[in-house]
Novice: 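Attaching a single structure in structure tokens format; questions to follow.
The figures that follow rest on heavy atoms only: side chains count, while hydrogens, waters and symmetry mates do not. Remember, predicted model here, so these are calculated numbers, not experimental data.
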Protein chains: 2
Amino acid sequence: MRPACLPCGLAPEGLERLTGVSPRPLPVGHGDHAFRPGDPLRALYVVKSGSVKVYKPMADGDEQIVGFHFPGELIGLDGLATNSHTCAAAALETTTMCEFPVIQLHEMCHNYPLVRHEFNRLLGNHLTHLRNMLLLVGRKSAEGRLAGFLLDLSGRLKARGYSPCQFYLSMSRLDIANYLGLAVETVSRVFSRFQDEGLLSVQLRHVAIQDLDRLGRLVNAGSGLVGPFRPPRQLGAMTFAGAATMSS
Amino acid sequence: MRPACLPCGLAPEGLERLTGVSPRPLPVGHGDHAFRPGDPLRALYVVKSGSVKVYKPMADGDEQIVGFHFPGELIGLDGLATNSHTCAAAALETTTMCEFPVIQLHEMCHNYPLVRHEFNRLLGNHLTHLRNMLLLVGRKSAEGRLAGFLLDLSGRLKARGYSPCQFYLSMSRLDIANYLGLAVETVSRVFSRFQDEGLLSVQLRHVAIQDLDRLGRLVNAGSGLVGPFRPPRQLGAMTFAGAATMSS
DNA sequence: CGCAATATTGACCACTCTCAATGAGGGTGG
DNA sequence: CCACCCTCATTGAGAGTGGTCAATATTGCG
């Protein structure tokens, strides 16, 4: 029922708990990169504080954001296929991350079936998330996409004990637009429309959701591909055992 | 460079070779299901002949296709996250598949690091594919999507020794439209336009591509989100070690 | 041979992109 | 502390892609 806009997960400290390793967090500043395309896959990273965007730089200098990541979430899986990263990961604000060298991870997977299972489950969740994202971006209207995006954010924050209805967007409108495949102006307009309709109040990067239910109905409503009455669409559960998520 | 529309892969018989198991193919008829949402994840399946669509049934009876799969490709990974399938897999024509029980797979992963690595790589490839698909569906025009779809098909068939320029579409226009997030009419229209422009010739489900290059340029051209001149967009390599692919 | 499903084509219209202008914040230097 | 600038965000007007509705082939099947 909950829309899927962002990564999906595994218990936040799951990896740390399972591996018994908890490296000290590395601080990075706004705009700093954890990895870039072409970098060998040395490690996976767990965000400890702040937030990160994972994106694919394109040939023409443009970029495509494939995920936003918050504390407890794992990034770096984009390098799994080829052992070298295909995406870049940049901090959206001052951020700290823990590094898990892949060599250690491989050893752990070898020695502890539980780690392996957890890791597989985590990958499966990520696949699920991407499939849901595909639905959102491929079949939903601008309103549906933004609603889905916000609900996903809300859900993830709630899972971490933050307020699900009041939060700060660490990414710019441009990032959101890029992520959702919309124009910046459209994002802005939809925010305004939502506010006018009393769904939420938004001021710059501060969002306060006022009607979660109605927002949810928006996600499962408009695809512009189905019929005059926009029948509801299930997006598939994003409910996970753990409280955290993972990413690209 | 090659657009990514469909699953990505692992050596076709990679799983069989690695596991040393090669079960006999099970035949299924058009419309028969290998699994449905809610089914426990008993096995993964490799398509041996024919073709399969993997899709998510929605609340309202509609469906969302998340992949088409051809001989050599693996399906069933949608159940990895929760140990039960979230998608359905239906044969598009008379099809045979080999079954790989997950229990065996787990044992193999435990006993043979190579299997585990291969499996991880394969999952990574699938993630990459989905990310590329996200790009295609989220940022490309109708022409770009169909071009990407056809090129992906072309590439996969070529990798298997079939003609990359002449093939039969085992899925209906409705399936294609569903998969690409378009209306059936749009798919039909774009096919016609492509034919008018000499890019390909199409008659019902038979397609003959006449200008692969120009088709490729279409994919990296129109996003409708970038600027007046539609700068080219890299979609990321879909080149895999093996000749086969995997799926949902 | 007809019925049903699939595919194509046309007319119309809505959503959202593009272009352009204005407003609000945040930073730097005077 | 204020002026200035630059980025980010908002808002409006016009245009275009693609969805919807509807009618007409074409195919496949009983």
Novice: Heavy atoms from C-beta onward define the side chain here; which of C:dT18, C:dT9, C:dG25 lies closest to that of A:Gln203?
Specialist: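 Of all the options, the side chain of A:Gln203 is nearest to C:dG25.
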Novice: Is a donor on one side and an acceptor on the other found under 3.5 Å between the side chain of A:Arg214 and the backbone of A:Glu197?
Specialist: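 A pair under 3.5 Å: yes.
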Novice: Roughly, in whole Å, what's the span from CZ in A:Phe191 to C1' in D:dC8?
Specialist: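 Distance, rounded to whole Å: 14 Å.
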Novice: Check the distance between D:dA9's P and A:Arg205's CZ and give it to me in whole angstrom.
Specialist: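 So the two atoms are 5 Å apart, to the nearest Å.
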Novice: How many Å lie between CG on B:Leu174 and C1' on D:dG19, as a whole number?
Specialist: 14 Å
Novice: Please report, rounded to the nearest Å, how far the C1' atom of D:dG19 is from the CZ atom of B:Arg173.
Specialist: 18 Å
Novice: Can you tell me the distance, in whole Å, between the CD atom of A:Glu185 and the P atom of D:dA13?
Specialist: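 Atom-to-atom, A:Glu185 to D:dA13, this comes out as 15 Å.
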Novice: Give a yes/no on whether any side-chain N or O of B:Arg189 is located under 4.0 angstrom from OP1 or OP2 of C:dT9.
Specialist: no
Novice: So if I take every side-chain heavy atom of A:Ser141 and compare against C:dT8, D:dT11, C:dT16, which nucleotide ends up nearest?
Specialist: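 Selected nucleotide (nearest to the side chain): C:dT16.
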Novice: Give the ring-plane orientation class for B:Tyr55 versus B:His33, where under 30° counts as parallel, over 60° as perpendicular and anything between as tilted.
Specialist: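 If you compare the ring of B:Tyr55 with that of B:His33, the planes turn out perpendicular.
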Novice: Would you mind reading off the distance between B:Asn178 atom CG and C:dT6 atom P, rounded to a whole angstrom?
Specialist: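 From B:Asn178 CG to C:dT6 P: 13 Å.
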Novice: Whole angstroms only, please: what is the CG-P distance between A:Leu182 and D:dA9?
Specialist: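 From A:Leu182 CG to D:dA9 P: 15 Å.
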Novice: To the nearest angstrom, how far is B:Phe194 atom CZ from C:dT9 atom C1'?
Specialist: 17 Å
Novice: Considering only C:dT9, D:dT27, D:dG18, which nucleotide approaches the side chain of B:Leu204 most closely?
Specialist: D:dT27
Novice: Check every atom of D:dG18, D:dT20, D:dT11 against the side chain of B:Ala142 and return the nucleotide holding the closest atom.
Specialist: D:dG18
Novice: Strictly below 4.0 Å, N to O, side chains only: are B:Lys53 and B:Asp175 in salt-bridge contact?
Specialist: yes
Novice: Under 4.0 Å between a side-chain N or O of B:Thr186 and OP1 or OP2 of D:dG19?
Specialist: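 Answer yes for this pair, as a side-chain N or O of B:Thr186 is under 4.0 Å from OP1 or OP2.
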Novice: Considering heavy-atom distances to DNA chain C, does A:Val190 or B:Val184 have its closest nucleotide positioned more toward the 5' end?
Specialist: B:Val184
Novice: Check this for me, if you would: do A:Arg205 and A:Glu93 make a salt bridge, where the nitrogen-to-carboxylate-oxygen distance has to be below 4.0 angstrom?
Specialist: no
Novice: Taking only the side-chain nitrogens and oxygens of A:Ser192, find out if one of them lies under 4.0 Å from OP1 or OP2 of D:dT11.
Specialist: yes
Novice: Do B:Arg156's NZ or CZ and the ring of B:Phe68 fall within the cation-pi criteria of under 6.0 Å and 45°?
Specialist: no
Novice: Kindly say if A:Ser172 contacts the phosphate of D:dT7, meaning a side-chain N or O under 4.0 Å from OP1 or OP2.
Specialist: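 So the side-chain polar atoms of A:Ser172 never come under 4.0 Å of the phosphate oxygens OP1 or OP2 of D:dT7.
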